[in-house]
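The structure under discussion appears below in the form of C-alpha coordinates.
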Amino acid sequence: MDAAGTAFVLLASVLVWFMTPGLAFFYGGMVSKANVVNTMLSVFYITGIAILLWVFCGYELSFGGDLGGVIGRIRGVFLNGVNLGHILENGLPTGVYVLFQMMFAIITPALFVGAVVGRMHFKFLTWFIVCWSLLVYYPLVHMVWGPDGLLGRLGVLDFAGGTVIHINAGVTALVLSAFLGRRRVVRSTPYNRPWVLLGTAILWIGWYGFNAGSALGVNHAAITAALTTSVAAASALVGWMVLDVYRTGKSTLIGVCTGALCGLVGITPAAGYVTCAGAAAIGLLATLTSYCFVQFVKPRLGVDDTLDAFGCHGVSGIVGSILTGVFASKDVAPTIARGGLLYGGGLHLLVIQILGTLLTVVLVAGFVAIITVLLRRMVPMRVGRREEQIGLDIGEHGETADYTVEPVGDPSEVLDYPDEFTGQLGGFKHLPR
(Lines give C-alpha, C1' and ligand atoms only; values in the text may rest on other atoms or scores of the structure.)
Protein backbone atom coordinates (compact mmCIF):
# COMPACT_ATOMS: atom_id res chain seq x y z
CA MET A 1 0.00 0.00 0.00
CA ASP A 2 1.09 3.52 -0.83
CA ALA A 3 0.28 5.11 2.53
CA ALA A 4 0.59 8.71 1.34
CA GLY A 5 -1.50 8.11 -1.75
CA THR A 6 -4.14 6.23 0.22
CA ALA A 7 -4.42 9.02 2.79
CA PHE A 8 -4.66 11.57 -0.02
CA VAL A 9 -7.52 9.74 -1.77
CA LEU A 10 -9.34 9.24 1.54
CA LEU A 11 -9.15 13.00 2.13
CA ALA A 12 -10.27 13.66 -1.44
CA SER A 13 -13.26 11.36 -0.89
CA VAL A 14 -14.34 13.40 2.13
CA LEU A 15 -13.97 16.62 0.14
CA VAL A 16 -16.11 15.28 -2.72
CA TRP A 17 -18.80 14.18 -0.25
CA PHE A 18 -18.67 17.68 1.29
CA MET A 19 -19.82 19.02 -2.08
CA THR A 20 -23.28 17.50 -1.60
CA PRO A 21 -24.32 19.65 1.39
CA GLY A 22 -22.56 22.53 -0.38
CA LEU A 23 -24.80 21.99 -3.39
CA ALA A 24 -27.81 21.84 -1.07
CA PHE A 25 -26.96 25.32 0.26
CA PHE A 26 -26.21 26.59 -3.26
CA TYR A 27 -29.55 25.45 -4.64
CA GLY A 28 -31.46 26.11 -1.41
CA GLY A 29 -30.34 29.72 -1.36
CA MET A 30 -31.49 30.36 -4.93
CA VAL A 31 -35.01 28.93 -4.79
CA SER A 32 -38.07 30.64 -3.35
CA LYS A 33 -38.98 30.41 0.30
CA ALA A 34 -41.78 27.96 -0.47
CA ASN A 35 -39.43 25.29 -1.87
CA VAL A 36 -36.24 25.50 0.23
CA VAL A 37 -36.80 22.35 2.31
CA ASN A 38 -37.82 20.30 -0.73
CA THR A 39 -34.78 21.46 -2.71
CA MET A 40 -32.22 20.84 0.03
CA LEU A 41 -33.75 17.51 0.99
CA SER A 42 -33.89 16.41 -2.66
CA VAL A 43 -30.14 17.02 -2.91
CA PHE A 44 -29.08 15.57 0.42
CA TYR A 45 -31.17 12.40 0.63
CA ILE A 46 -29.48 11.15 -2.53
CA THR A 47 -26.52 10.42 -0.27
CA GLY A 48 -28.39 7.47 1.21
CA ILE A 49 -29.80 6.13 -2.05
CA ALA A 50 -26.55 6.44 -3.99
CA ILE A 51 -24.38 4.77 -1.33
CA LEU A 52 -26.70 1.78 -1.01
CA LEU A 53 -27.01 1.37 -4.77
CA TRP A 54 -23.25 1.72 -5.23
CA VAL A 55 -22.32 -1.03 -2.79
CA PHE A 56 -25.25 -3.23 -3.85
CA CYS A 57 -24.29 -3.38 -7.53
CA GLY A 58 -23.08 0.02 -8.77
CA TYR A 59 -19.35 -0.53 -8.40
CA GLU A 60 -19.55 -3.92 -10.08
CA LEU A 61 -21.61 -2.55 -12.98
CA SER A 62 -19.12 0.29 -13.37
CA PHE A 63 -15.77 -1.46 -12.91
CA GLY A 64 -16.38 -5.19 -12.47
CA GLY A 65 -15.49 -7.08 -15.63
CA ASP A 66 -16.85 -6.08 -19.01
CA LEU A 67 -19.83 -6.78 -21.25
CA GLY A 68 -19.27 -5.34 -24.71
CA GLY A 69 -17.48 -2.26 -23.41
CA VAL A 70 -20.81 -0.91 -22.14
CA ILE A 71 -21.36 -2.31 -18.65
CA GLY A 72 -19.62 -4.47 -16.06
CA ARG A 73 -20.55 -7.84 -14.53
CA ILE A 74 -22.01 -8.42 -11.08
CA ARG A 75 -20.13 -11.14 -9.24
CA GLY A 76 -21.73 -10.51 -5.86
CA VAL A 77 -24.02 -7.91 -4.33
CA PHE A 78 -22.88 -5.56 -1.56
CA LEU A 79 -19.29 -5.87 -2.81
CA ASN A 80 -19.14 -9.59 -2.00
CA GLY A 81 -17.37 -10.18 -5.30
CA VAL A 82 -14.76 -7.49 -4.68
CA ASN A 83 -11.46 -7.99 -2.87
CA LEU A 84 -11.35 -4.65 -1.03
CA GLY A 85 -7.83 -5.31 0.26
CA HIS A 86 -6.33 -5.89 -3.17
CA ILE A 87 -3.58 -3.37 -3.95
CA LEU A 88 -3.94 -1.73 -7.34
CA GLU A 89 -1.01 -0.86 -9.60
CA ASN A 90 -0.95 2.70 -8.24
CA GLY A 91 -0.55 1.43 -4.67
CA LEU A 92 -4.14 2.10 -3.56
CA PRO A 93 -6.31 -0.56 -1.94
CA THR A 94 -9.40 -1.36 -3.99
CA GLY A 95 -11.59 -0.33 -1.07
CA VAL A 96 -10.29 3.25 -1.23
CA TYR A 97 -11.04 3.45 -4.95
CA VAL A 98 -14.55 2.10 -4.28
CA LEU A 99 -15.07 4.85 -1.70
CA PHE A 100 -13.74 7.62 -3.94
CA GLN A 101 -15.92 6.64 -6.88
CA MET A 102 -18.90 6.30 -4.54
CA MET A 103 -18.76 10.04 -3.87
CA PHE A 104 -19.13 10.79 -7.59
CA ALA A 105 -22.20 8.56 -7.68
CA ILE A 106 -23.70 10.75 -4.93
CA ILE A 107 -23.02 14.21 -6.34
CA THR A 108 -23.95 13.51 -9.98
CA PRO A 109 -27.72 12.95 -9.59
CA ALA A 110 -27.85 15.79 -7.06
CA LEU A 111 -26.78 18.21 -9.81
CA PHE A 112 -29.89 17.80 -11.94
CA VAL A 113 -32.22 18.44 -8.98
CA GLY A 114 -31.81 22.16 -9.66
CA ALA A 115 -33.75 21.84 -12.92
CA VAL A 116 -36.92 20.37 -11.44
CA VAL A 117 -37.42 22.13 -8.10
CA GLY A 118 -40.89 23.33 -7.23
CA ARG A 119 -42.88 20.93 -9.40
CA MET A 120 -41.65 17.31 -9.30
CA HIS A 121 -43.14 14.65 -7.02
CA PHE A 122 -40.63 13.46 -4.45
CA LYS A 123 -41.66 9.85 -5.11
CA PHE A 124 -41.01 10.19 -8.84
CA LEU A 125 -37.60 11.74 -8.19
CA THR A 126 -36.67 8.83 -5.93
CA TRP A 127 -37.56 6.14 -8.46
CA PHE A 128 -36.01 8.13 -11.29
CA ILE A 129 -32.67 8.34 -9.46
CA VAL A 130 -32.65 4.57 -8.98
CA CYS A 131 -33.46 3.84 -12.64
CA TRP A 132 -31.12 6.55 -13.91
CA SER A 133 -28.21 5.27 -11.82
CA LEU A 134 -28.65 1.73 -13.14
CA LEU A 135 -29.32 2.54 -16.80
CA VAL A 136 -27.38 5.76 -17.40
CA TYR A 137 -24.75 6.57 -14.79
CA TYR A 138 -23.10 3.17 -14.21
CA PRO A 139 -22.87 2.31 -17.94
CA LEU A 140 -21.40 5.74 -18.73
CA VAL A 141 -18.80 5.37 -15.95
CA HIS A 142 -17.83 2.01 -17.43
CA MET A 143 -17.65 3.33 -20.99
CA VAL A 144 -15.42 6.29 -20.06
CA TRP A 145 -13.35 5.13 -17.08
CA GLY A 146 -13.58 1.35 -17.24
CA PRO A 147 -10.44 -0.37 -18.56
CA ASP A 148 -12.40 -1.84 -21.49
CA GLY A 149 -14.99 0.91 -21.94
CA LEU A 150 -16.03 1.94 -25.44
CA LEU A 151 -15.33 5.65 -25.08
CA GLY A 152 -12.11 5.05 -23.19
CA ARG A 153 -10.84 2.77 -25.96
CA LEU A 154 -11.84 5.40 -28.49
CA GLY A 155 -9.38 7.74 -26.79
CA VAL A 156 -11.78 10.15 -25.10
CA LEU A 157 -10.04 12.10 -22.30
CA ASP A 158 -12.04 12.87 -19.17
CA PHE A 159 -9.79 13.54 -16.21
CA ALA A 160 -12.43 13.99 -13.50
CA GLY A 161 -15.93 13.78 -14.98
CA GLY A 162 -16.77 16.22 -17.74
CA THR A 163 -18.76 13.60 -19.66
CA VAL A 164 -19.57 11.15 -16.87
CA ILE A 165 -20.79 13.77 -14.42
CA HIS A 166 -21.47 17.24 -15.79
CA ILE A 167 -22.68 16.59 -19.34
CA ASN A 168 -24.59 13.60 -18.01
CA ALA A 169 -26.32 15.58 -15.24
CA GLY A 170 -26.84 18.63 -17.44
CA VAL A 171 -28.51 16.76 -20.29
CA THR A 172 -30.63 14.85 -17.78
CA ALA A 173 -31.75 18.18 -16.32
CA LEU A 174 -32.72 19.51 -19.74
CA VAL A 175 -34.76 16.43 -20.69
CA LEU A 176 -36.55 16.32 -17.33
CA SER A 177 -37.37 20.03 -17.61
CA ALA A 178 -38.87 19.48 -21.05
CA PHE A 179 -41.09 16.64 -19.79
CA LEU A 180 -42.18 18.55 -16.68
CA GLY A 181 -43.21 21.71 -18.46
CA ARG A 182 -43.08 25.25 -17.18
CA ARG A 183 -43.83 26.28 -13.60
CA ARG A 184 -47.37 27.43 -12.88
CA VAL A 185 -46.11 29.82 -10.22
CA VAL A 186 -42.82 31.60 -10.92
CA ARG A 187 -41.18 32.85 -7.73
CA SER A 188 -38.01 34.67 -8.69
CA THR A 189 -36.85 36.04 -5.32
CA PRO A 190 -33.95 33.92 -3.94
CA TYR A 191 -34.45 32.73 -0.38
CA ASN A 192 -30.95 33.50 0.90
CA ARG A 193 -28.11 34.92 -1.19
CA PRO A 194 -25.48 34.36 1.55
CA TRP A 195 -26.36 30.64 1.34
CA VAL A 196 -25.50 30.77 -2.36
CA LEU A 197 -22.05 32.14 -1.53
CA LEU A 198 -21.59 29.57 1.24
CA GLY A 199 -22.58 26.77 -1.11
CA THR A 200 -20.22 28.05 -3.80
CA ALA A 201 -17.31 28.19 -1.36
CA ILE A 202 -17.99 24.64 -0.17
CA LEU A 203 -18.25 23.41 -3.75
CA TRP A 204 -14.98 25.11 -4.69
CA ILE A 205 -13.22 23.52 -1.70
CA GLY A 206 -14.69 20.13 -2.53
CA TRP A 207 -13.64 20.49 -6.16
CA TYR A 208 -10.01 20.11 -5.15
CA GLY A 209 -10.89 16.62 -3.98
CA PHE A 210 -12.98 16.18 -7.13
CA ASN A 211 -10.23 17.14 -9.60
CA ALA A 212 -6.92 16.72 -7.79
CA GLY A 213 -8.18 13.52 -6.15
CA SER A 214 -8.80 12.06 -9.61
CA ALA A 215 -5.02 11.81 -10.00
CA LEU A 216 -5.35 8.97 -7.45
CA GLY A 217 -2.10 9.78 -5.71
CA VAL A 218 0.34 12.41 -4.54
CA ASN A 219 1.88 13.17 -7.91
CA HIS A 220 2.41 15.79 -10.59
CA ALA A 221 -1.08 15.29 -12.03
CA ALA A 222 -2.68 16.12 -8.68
CA ILE A 223 -0.67 19.34 -8.39
CA THR A 224 -1.55 20.29 -11.98
CA ALA A 225 -5.25 19.59 -11.38
CA ALA A 226 -5.32 21.71 -8.21
CA LEU A 227 -3.63 24.63 -9.98
CA THR A 228 -5.76 24.50 -13.12
CA THR A 229 -8.93 24.17 -11.05
CA SER A 230 -8.10 27.39 -9.23
CA VAL A 231 -7.18 29.30 -12.40
CA ALA A 232 -10.23 28.21 -14.40
CA ALA A 233 -12.64 29.08 -11.59
CA ALA A 234 -11.02 32.49 -11.16
CA SER A 235 -11.11 33.39 -14.86
CA ALA A 236 -14.73 32.26 -15.13
CA LEU A 237 -15.75 34.21 -12.03
CA VAL A 238 -14.20 37.42 -13.36
CA GLY A 239 -15.58 36.76 -16.83
CA TRP A 240 -19.20 36.43 -15.62
CA MET A 241 -18.83 39.55 -13.50
CA VAL A 242 -17.54 41.58 -16.46
CA LEU A 243 -20.43 40.36 -18.62
CA ASP A 244 -22.93 41.35 -15.94
CA VAL A 245 -21.44 44.82 -15.61
CA TYR A 246 -21.32 45.24 -19.39
CA ARG A 247 -24.98 44.27 -19.85
CA THR A 248 -26.64 45.65 -16.71
CA GLY A 249 -24.15 48.04 -15.14
CA LYS A 250 -24.10 45.98 -11.93
CA SER A 251 -22.20 42.97 -10.65
CA THR A 252 -24.26 40.44 -8.70
CA LEU A 253 -23.42 37.91 -6.00
CA ILE A 254 -25.37 35.11 -7.68
CA GLY A 255 -23.72 35.96 -11.00
CA VAL A 256 -20.21 35.76 -9.56
CA CYS A 257 -21.02 32.45 -7.85
CA THR A 258 -22.53 31.04 -11.04
CA GLY A 259 -19.47 32.09 -13.03
CA ALA A 260 -17.11 30.36 -10.62
CA LEU A 261 -19.20 27.21 -10.86
CA CYS A 262 -19.04 27.29 -14.68
CA GLY A 263 -15.25 27.50 -14.53
CA LEU A 264 -15.06 24.57 -12.14
CA VAL A 265 -17.29 22.51 -14.41
CA GLY A 266 -15.40 23.50 -17.57
CA ILE A 267 -11.97 22.53 -16.26
CA THR A 268 -13.07 19.17 -14.83
CA PRO A 269 -12.41 17.02 -17.95
CA ALA A 270 -9.11 18.80 -18.67
CA ALA A 271 -7.75 19.45 -15.16
CA GLY A 272 -4.74 17.12 -15.33
CA TYR A 273 -3.93 17.70 -18.99
CA VAL A 274 -3.60 21.47 -19.53
CA THR A 275 -1.37 24.38 -18.59
CA CYS A 276 -2.53 27.30 -16.44
CA ALA A 277 -2.94 29.38 -19.61
CA GLY A 278 -5.15 26.67 -21.06
CA ALA A 279 -7.14 26.52 -17.84
CA ALA A 280 -7.74 30.29 -17.92
CA ALA A 281 -8.97 30.04 -21.51
CA ILE A 282 -11.25 27.10 -20.73
CA GLY A 283 -12.75 28.88 -17.72
CA LEU A 284 -13.37 32.06 -19.69
CA LEU A 285 -14.88 30.29 -22.70
CA ALA A 286 -17.04 28.07 -20.48
CA THR A 287 -18.52 31.01 -18.58
CA LEU A 288 -19.03 33.01 -21.80
CA THR A 289 -20.90 30.13 -23.44
CA SER A 290 -23.02 29.40 -20.37
CA TYR A 291 -23.82 33.09 -19.91
CA CYS A 292 -24.99 33.41 -23.51
CA PHE A 293 -27.08 30.25 -23.22
CA VAL A 294 -28.78 31.32 -19.99
CA GLN A 295 -29.42 34.90 -21.09
CA PHE A 296 -30.28 34.49 -24.77
CA VAL A 297 -30.87 30.87 -25.82
CA LYS A 298 -32.80 29.45 -22.87
CA PRO A 299 -35.68 31.99 -23.08
CA ARG A 300 -36.25 30.99 -26.71
CA LEU A 301 -36.21 27.26 -25.98
CA GLY A 302 -39.17 27.51 -23.64
CA VAL A 303 -37.69 24.85 -21.33
CA ASP A 304 -38.00 25.74 -17.66
CA ASP A 305 -34.67 24.64 -16.20
CA THR A 306 -35.30 26.35 -12.86
CA LEU A 307 -31.75 26.85 -11.61
CA ASP A 308 -29.94 26.47 -14.94
CA ALA A 309 -28.53 23.02 -14.28
CA PHE A 310 -28.09 22.46 -18.00
CA GLY A 311 -27.01 26.04 -18.64
CA CYS A 312 -24.13 25.67 -16.17
CA HIS A 313 -23.24 21.99 -15.90
CA GLY A 314 -24.34 20.82 -19.32
CA VAL A 315 -23.08 23.73 -21.42
CA SER A 316 -19.83 24.31 -19.52
CA GLY A 317 -19.23 20.55 -19.38
CA ILE A 318 -19.62 20.31 -23.17
CA VAL A 319 -17.28 23.27 -23.69
CA GLY A 320 -14.67 21.83 -21.33
CA SER A 321 -14.83 18.39 -22.88
CA ILE A 322 -14.35 19.72 -26.42
CA LEU A 323 -11.63 22.20 -25.43
CA THR A 324 -9.64 19.37 -23.87
CA GLY A 325 -8.92 18.45 -27.48
CA VAL A 326 -7.55 21.94 -28.02
CA PHE A 327 -5.47 22.60 -24.90
CA ALA A 328 -4.26 19.17 -23.74
CA SER A 329 -0.46 19.09 -23.58
CA LYS A 330 1.89 16.11 -23.55
CA ASP A 331 4.39 18.25 -21.66
CA VAL A 332 1.86 18.44 -18.82
CA ALA A 333 0.55 14.88 -19.17
CA PRO A 334 3.13 12.63 -20.89
CA THR A 335 0.84 9.59 -20.62
CA ILE A 336 -1.77 10.84 -23.11
CA ALA A 337 -1.42 9.56 -26.67
CA ARG A 338 -1.51 12.95 -28.41
CA GLY A 339 -1.62 16.60 -27.49
CA GLY A 340 -4.42 18.95 -28.40
CA LEU A 341 -4.80 21.18 -31.44
CA LEU A 342 -2.70 24.02 -30.01
CA TYR A 343 -0.01 21.73 -28.62
CA GLY A 344 1.18 19.87 -31.70
CA GLY A 345 -1.39 17.09 -31.80
CA GLY A 346 -3.36 18.26 -34.81
CA LEU A 347 -7.08 17.61 -35.12
CA HIS A 348 -6.99 14.00 -33.93
CA LEU A 349 -7.76 14.54 -30.25
CA LEU A 350 -10.22 17.37 -30.94
CA VAL A 351 -12.25 15.14 -33.27
CA ILE A 352 -12.28 12.37 -30.67
CA GLN A 353 -13.42 14.76 -27.94
CA ILE A 354 -16.22 16.12 -30.14
CA LEU A 355 -17.32 12.58 -31.01
CA GLY A 356 -17.22 11.45 -27.36
CA THR A 357 -19.17 14.52 -26.27
CA LEU A 358 -21.86 13.99 -28.94
CA LEU A 359 -22.20 10.30 -28.08
CA THR A 360 -22.60 11.16 -24.41
CA VAL A 361 -25.30 13.75 -25.14
CA VAL A 362 -27.25 11.39 -27.42
CA LEU A 363 -27.02 8.36 -25.13
CA VAL A 364 -28.01 10.28 -22.01
CA ALA A 365 -30.87 12.14 -23.69
CA GLY A 366 -32.26 8.96 -25.21
CA PHE A 367 -32.17 6.85 -22.07
CA VAL A 368 -33.48 9.63 -19.84
CA ALA A 369 -36.42 10.11 -22.20
CA ILE A 370 -37.18 6.38 -22.18
CA ILE A 371 -36.96 6.18 -18.37
CA THR A 372 -39.19 9.22 -17.97
CA VAL A 373 -41.87 8.03 -20.41
CA LEU A 374 -42.10 4.60 -18.78
CA LEU A 375 -41.79 5.72 -15.17
CA ARG A 376 -44.45 8.42 -15.28
CA ARG A 377 -46.98 5.79 -16.35
CA MET A 378 -46.55 4.22 -12.93
CA VAL A 379 -45.66 7.19 -10.69
CA PRO A 380 -47.04 10.74 -11.02
CA MET A 381 -44.26 13.03 -12.21
CA ARG A 382 -45.61 16.47 -11.42
CA VAL A 383 -47.37 17.73 -8.30
CA GLY A 384 -50.87 19.18 -8.57
CA ARG A 385 -51.71 22.81 -9.11
CA ARG A 386 -52.66 23.41 -5.47
CA GLU A 387 -49.47 21.87 -4.11
CA GLU A 388 -47.36 23.86 -6.53
CA GLN A 389 -49.06 27.09 -5.47
CA ILE A 390 -48.56 26.37 -1.77
CA GLY A 391 -44.99 25.25 -2.32
CA LEU A 392 -43.49 21.81 -1.98
CA ASP A 393 -42.12 22.47 1.50
CA ILE A 394 -45.65 22.32 2.89
CA GLY A 395 -47.19 20.14 0.20
CA GLU A 396 -44.57 17.36 0.14
CA HIS A 397 -42.92 17.57 3.56
CA GLY A 398 -45.05 19.63 5.94
CA GLU A 399 -42.04 21.77 6.91
CA THR A 400 -40.88 25.32 6.32
CA ALA A 401 -37.32 26.62 6.07
CA ASP A 402 -37.89 29.85 7.99
CA TYR A 403 -38.68 28.95 11.58
CA THR A 404 -39.56 32.56 12.44
CA VAL A 405 -42.69 32.48 10.28
CA GLU A 406 -45.46 30.04 11.10
CA PRO A 407 -47.91 28.97 8.39
CA VAL A 408 -51.25 30.75 8.91
CA GLY A 409 -54.24 28.42 8.94
CA ASP A 410 -54.78 25.68 6.39
CA PRO A 411 -52.98 26.61 3.15
CA SER A 412 -55.78 24.97 1.17
CA GLU A 413 -58.25 27.54 2.55
CA VAL A 414 -56.16 30.34 1.11
CA LEU A 415 -56.29 28.75 -2.30
CA ASP A 416 -59.98 27.83 -2.13
CA TYR A 417 -61.16 31.24 -0.91
CA PRO A 418 -58.55 33.77 -2.11
CA ASP A 419 -60.82 36.83 -1.86
CA GLU A 420 -61.38 36.34 1.87
CA PHE A 421 -57.63 36.37 2.51
CA THR A 422 -56.81 39.45 0.48
CA GLY A 423 -56.75 41.72 3.52
CA GLN A 424 -57.96 45.28 3.99
CA LEU A 425 -55.68 46.71 1.34
CA GLY A 426 -57.26 44.44 -1.26
CA GLY A 427 -60.11 46.93 -1.64
CA PHE A 428 -57.75 49.43 -3.21
CA LYS A 429 -56.18 47.18 -5.82
CA HIS A 430 -58.59 48.15 -8.61
CA LEU A 431 -58.52 51.90 -7.95
CA PRO A 432 -56.83 54.05 -10.61
CA ARG A 433 -53.43 55.44 -9.69
**Request:** Show your working on side chain to side chain contact (heavy atoms under 4.5 Å, CB included) between Glu387 and His121 and close with a plain yes or no.
**Result:** CA-CA 10 Å; Glu387 191 171 348; His121 263 298; 4.3 Å; yes
**Message:** According to side chain to side chain contact (heavy atoms under 4.5 Å, CB included), who are the partners of Ala333, at least two apart in sequence or on a separate chain?
**Reply:** Tyr273, Ile336
**Partners meeting ring-ring contact (aromatic ring centres under 6.0 Å, His included) with Phe179 (sequence neighbours left out)** =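 Once residues adjacent in sequence are excluded, Phe179 has no partner under the ring-ring contact (aromatic ring centres under 6.0 Å, His included) criterion.
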**Item:** Close aromatic pair by centroid cut-off 6.0 Å: Tyr137 and Trp132
**Value:**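 Yes, close enough.
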If we count only N and O atoms by modelled type, under 3.5 Å, do the side chains of [X] and [Y] hold a donor and an acceptor together?
| X | Y | result |
| --- | --- | --- |
| Tyr208 | Ser230 | yes |
| Ser290 | Ser316 | yes |
| Asn211 | Thr229 | yes |
| Thr163 | Asp158 | yes |
| Thr357 | Ser321 | yes |
| Asp244 | Tyr291 | yes |

Check: [X] side chain, [Y] main-chain N or O, donor-acceptor pair, under 3.5 Å:
| X | Y | value |
| --- | --- | --- |
| Asp66 | Gly72 | no |
| Asp393 | Val36 | yes |
| Asn35 | Leu392 | yes |

**Request:** Name all residues meeting the salt bridge (Lys or Arg N to Asp or Glu O under 4.0 Å) criterion together with Arg382; count only those two or more places apart in sequence or in a different chain, and write none if there are none.
**Result:**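 Salt bridge (Lys or Arg N to Asp or Glu O under 4.0 Å) check on Arg382 returns Glu388.
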**Prompt:** What do the steps show when you test Thr372 against Phe124 for side chain to side chain contact (heavy atoms under 4.5 Å, CB included), and what is the final call?
**Reply:** CA-CA 9 Å; Thr372 304; Phe124 181 91; 4.2 Å; yes
**Request:** Could you tell me the separation between the NE2 atom of His142 and the CZ atom of Arg73, rounded to the nearest 0.5 Å?
**Result:** 9.0 Å
**Message:** Counting neighbours of CZ on Phe122 that are heavy atoms of other residues, nucleotides or ligands and sit closer than 6.0 Å, is the number greater than 12?
**Reply:**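 Enclosed.
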**Request:** Report, as yes or no, whether the 6.0 Å neighbourhood of atom CZ on Phe8 holds more than 12 heavy atoms from other residues, nucleotides or ligands.
**Result:**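 For Phe8, atom CZ is crowded (more than 12 foreign heavy atoms under 6.0 Å).
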**Request:** List the steps and the verdict of side chain to side chain donor-acceptor pair (under 3.5 Å) for Tyr27 and Ser42.
**Result:** CA-CA 10 Å; Tyr27 281 166; Ser42 296; over 6 Å; no
**Message:** Using every non-hydrogen atom in the two residues, find where Leu157 and Leu349 come nearest and quote the distance to one decimal.
**Reply:**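 Closest approach of Leu157 to Leu349, heavy atoms only: CD1-CD2, 3.8 Å.
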In residues 100-120, what donor-acceptor pairs under 3.5 Å come from side-chain atoms, sequence neighbours left out?
unit_1 : atom_1 : unit_2 : atom_2 : d
Gln101 : NE2    : Tyr97  : OH     : 3.3
Thr108 : OG1    : Phe104 : O      : 2.6
Arg119 : NE     : Gly181 : O      : 3.0
Arg119 : NH1    : Ala115 : O      : 3.4
Arg119 : NH1    : Thr306 : OG1    : 2.7
Arg119 : NH2    : Ala115 : O      : 3.3
Arg119 : NH2    : Asp304 : O      : 2.4

Would you be so kind as to tabulate the donor-acceptor pairs closer than 3.5 Å made by side chains of residues 292-299, with sequence neighbours excluded?
unit_1 : atom_1 : unit_2 : atom_2 : d
Gln295 : OE1    : Arg247 : NH1    : 3.3
Lys298 : NZ     : Asp305 : O      : 2.8
Lys298 : NZ     : Asp308 : OD1    : 2.7

**CA sep, side-chain torsions, deciding dist, call: Trp54, Tyr138, ring pair (Phe, Tyr, Trp, His ring centres under 6.0 Å)** = CA-CA 9 Å; Trp54 184 251; Tyr138 301 151; 5.8 Å; yes
Distance-only criterion, 3.5 Å: show the donor-acceptor pairs between side-chain atoms of residues 255-269 and protein atoms not counting sequence neighbours.
unit_1 : atom_1 : unit_2 : atom_2 : d
Thr258 : OG1    : Ile254 : O      : 2.7
Thr268 : OG1    : Trp207 : NE1    : 3.0
Thr268 : OG1    : Leu264 : O      : 2.7

